[in-house]
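Single-structure report; data block below.
In what follows, every heavy atom counts, from backbone to side chain, and hydrogens, waters and symmetry copies are set aside. Quick caveat, the model's predicted, so the values are computed rather than measured.
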Amino acid sequence: KKSIETIMASGDKLAEMTEDYDDLVYGFIPDYFMTEYHYPVSHKDAALVNNLTKNRAHSIWESYIRGILLLNYRFTAVNLQNKLPSTDKVIVLPSARYMAEEVQIALKTFLEEGGRVLLLGEVPVYDMEGRECNILSSALGIKDIIKEESRPEYYLSVYSPEGSFNTPEIRVSYGEGYEIDGGRELLRIYGSDRCCAFEREVGRGKVIVMGTDYNCNLLVIKTLLEMLDCSPSLSHDCKDHGLFMTTTSNGEGERFLHI
């Protein structure tokens, strides 16, 4: 009751304020969630649905999106099938092996004009009908992709080369091995030494590709976003995680800090 009365005392301010955001947006692709129905005897359709289901959530949400929130980044979402954000934003994009041609073209243009993208999951090589479409992968300088997966008799691991994250070798369930033209390698697959994460400039912009389900390492996630020149406006020195902060403000220069 006391909390509600306190909030009601500032009700007129709270009602007209809007949340402040950092220069970060979550790239939302509606097609990735339209998987309720598919032709049941088609192996091609089943492969598409399974790949979308895997890459639209799961480790993407549990590791990266949760980590970004724990680092106190404040962000909203943008429908990439509708309109891309301005190039001063960083797009965090869960990506599947399939992506519509027009979305691939839009992201390529976004990067060339100075935008920044953190691409998580798999680099698209097909459109949404399963036809080969390498517009984005070609723009990223990727010549070849060989996917490796963990199996009962093969424990797949990735490691960071010297000068990268300086983190220990870690188990993962899959890794896309890239042959890239230029850029800097961030992670390699143990054994084959193929690059599975890298950064590179594309036109006036920059992209970081994380082609593996890396764990929720807050230091790594923070490093990735800072490499894309994106830092949170709010921070705290609490030794424990789970303290979330945001601000709301109005046109009169007034602001509330929500903890």
Test K13 against F256 for side-chain contact (heavy atoms from CB on, under 4.5 Å), laying out the working first. CA-CA 9 Å; K13 298 293 186 183; F256 276 107; 3.7 Å; yes
Working note: F33 + F28, criterion ring-ring contact (aromatic ring centres under 6.0 Å, His included); need CA distance, chi angles, decisive distance, verdict. CA-CA 10 Å; F33 295 84; F28 174 66; 5.4 Å; yes
Any chance you could lay out the side-chain contact (heavy atoms from CB on, under 4.5 Å) test for L80 and I91, step after step, and finish with the verdict? CA-CA 10 Å; L80 298 183; I91 299 176; 4.2 Å; yes
Verdict with reasoning, F75 to Y21, per ring-ring contact (aromatic ring centres under 6.0 Å, His included): CA-CA 5 Å; F75 58 94; Y21 296 111; 8.3 Å; no
Side chain to side chain donor-acceptor pair (under 3.5 Å) between S173 and D213: does it pass, once the steps are laid out? CA-CA 7 Å; S173 68; D213 55 339; 2.5 Å; yes
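Although no hydrogens or angles enter the test, the distance criterion places a donor-acceptor pair under 3.5 Å between the side chain of N72 and the main chain of M245. At least one donor-acceptor pair under 3.5 Å links the side chain of S160 to the backbone N or O of T167. A donor-acceptor pair is defined here as one N or O able to donate and one able to accept, closer than 3.5 Å; no such pair exists between the side chain of R74 and the backbone of D22. In this structure a side-chain-to-backbone donor-acceptor pair under 3.5 Å is missing from R200 to E185. Using modelled atom types, one side-chain atom of D127 and one backbone atom of G130 make a donor-acceptor pair closer than 3.5 Å. At least one donor-acceptor pair under 3.5 Å links the side chain of N51 to the backbone N or O of R97.
More than 12 heavy-atom neighbours from other residues, nucleotides or ligands sit within 6.0 angstrom of CD on Q81. No more than 12 heavy atoms of other residues, nucleotides or ligands shown are found within 6.0 angstrom of NE2 on H43. Other residues, nucleotides and ligands contribute more than 12 heavy atoms inside 6.0 Å of the CG atom of L257. Within a 6.0 Å radius of OH in Y39, other residues, nucleotides and ligands contribute 12 heavy atoms or fewer. At most 12 non-hydrogen atoms from other residues, nucleotides or ligands lie less than 6.0 angstrom from NE2 of H241. Crowding of E36 atom CD: a count of heavy atoms from other residues, nucleotides or ligands under 6.0 Å exceeding 12. Within a 6.0 Å radius of CD in E169, other residues, nucleotides and ligands contribute more than 12 heavy atoms.
Each of L234 and V92 belongs to its own hydrophobic cluster when Ile, Leu, Val, Met, Phe, Trp and Tyr are linked at side-chain heavy-atom distances under 4.5 angstrom. One hydrophobic cluster, built from ILVMFWY side chains closer than 4.5 Å, cannot hold both I105 and V125; they sit in different ones. Cluster membership for I29 and I60, using ILVMFWY side-chain heavy atoms within less than 4.5 angstrom, is shared.
The pair E148-R194 does not meet the salt-bridge criterion, since no charged nitrogen lies less than 4.0 angstrom from a carboxylate oxygen. Using a 4.0 Å cut-off between a side-chain N of Lys or Arg and a carboxylate O of Asp or Glu, E201 and K206 do not qualify as a salt bridge. Between D193 and R188 no salt bridge is recorded (no basic side-chain N to carboxylate O distance below 4.0 Å). The pair R184-E199 meets the salt-bridge criterion, since a charged nitrogen lies less than 4.0 angstrom from a carboxylate oxygen. Under 4.0 Å is where a charged nitrogen must lie from a carboxylate oxygen, and between E112 and R204 no such pair does.
In the model, E113 has no side-chain atom that pairs as donor or acceptor with a side-chain atom of T87 under 3.5 Å.
Across all their heavy atoms, G121 and N55 have their closest contact at CA-OD1, 3.8 Å. V123 and S95 get closest at one heavy-atom pair: CA-OG, 4.5 Å. Across all non-hydrogen atoms, the minimal contact from L186 to P161 is O-CD, 3.2 Å. Taking each heavy atom of R66 and E62 in turn, the nearest pair found is NH2-OE1, 2.8 Å. Shown here for L70 and G242, the closest heavy-atom pair between the two residues is CD2-N, 3.5 Å. What you find for L52 and A96 is that their closest heavy atoms are CD2-CB, 3.7 Å.
Relative ring orientation between Y178 and F198 is described as perpendicular, the plane-to-plane angle rising above 60° on a 0-90° scale split at 30° and 60°. Ring geometry for Y190 against Y159 counts as perpendicular: the plane angle is over 60°, on a 0 to 90° scale with 30° as the lower cut.
The aromatic ring centroids of Y32 and Y98 lie 6.0 Å or more from each other.
Judged by the 6.0 Å distance and 45° axis criteria, K54 is positioned over the aromatic ring of Y174.
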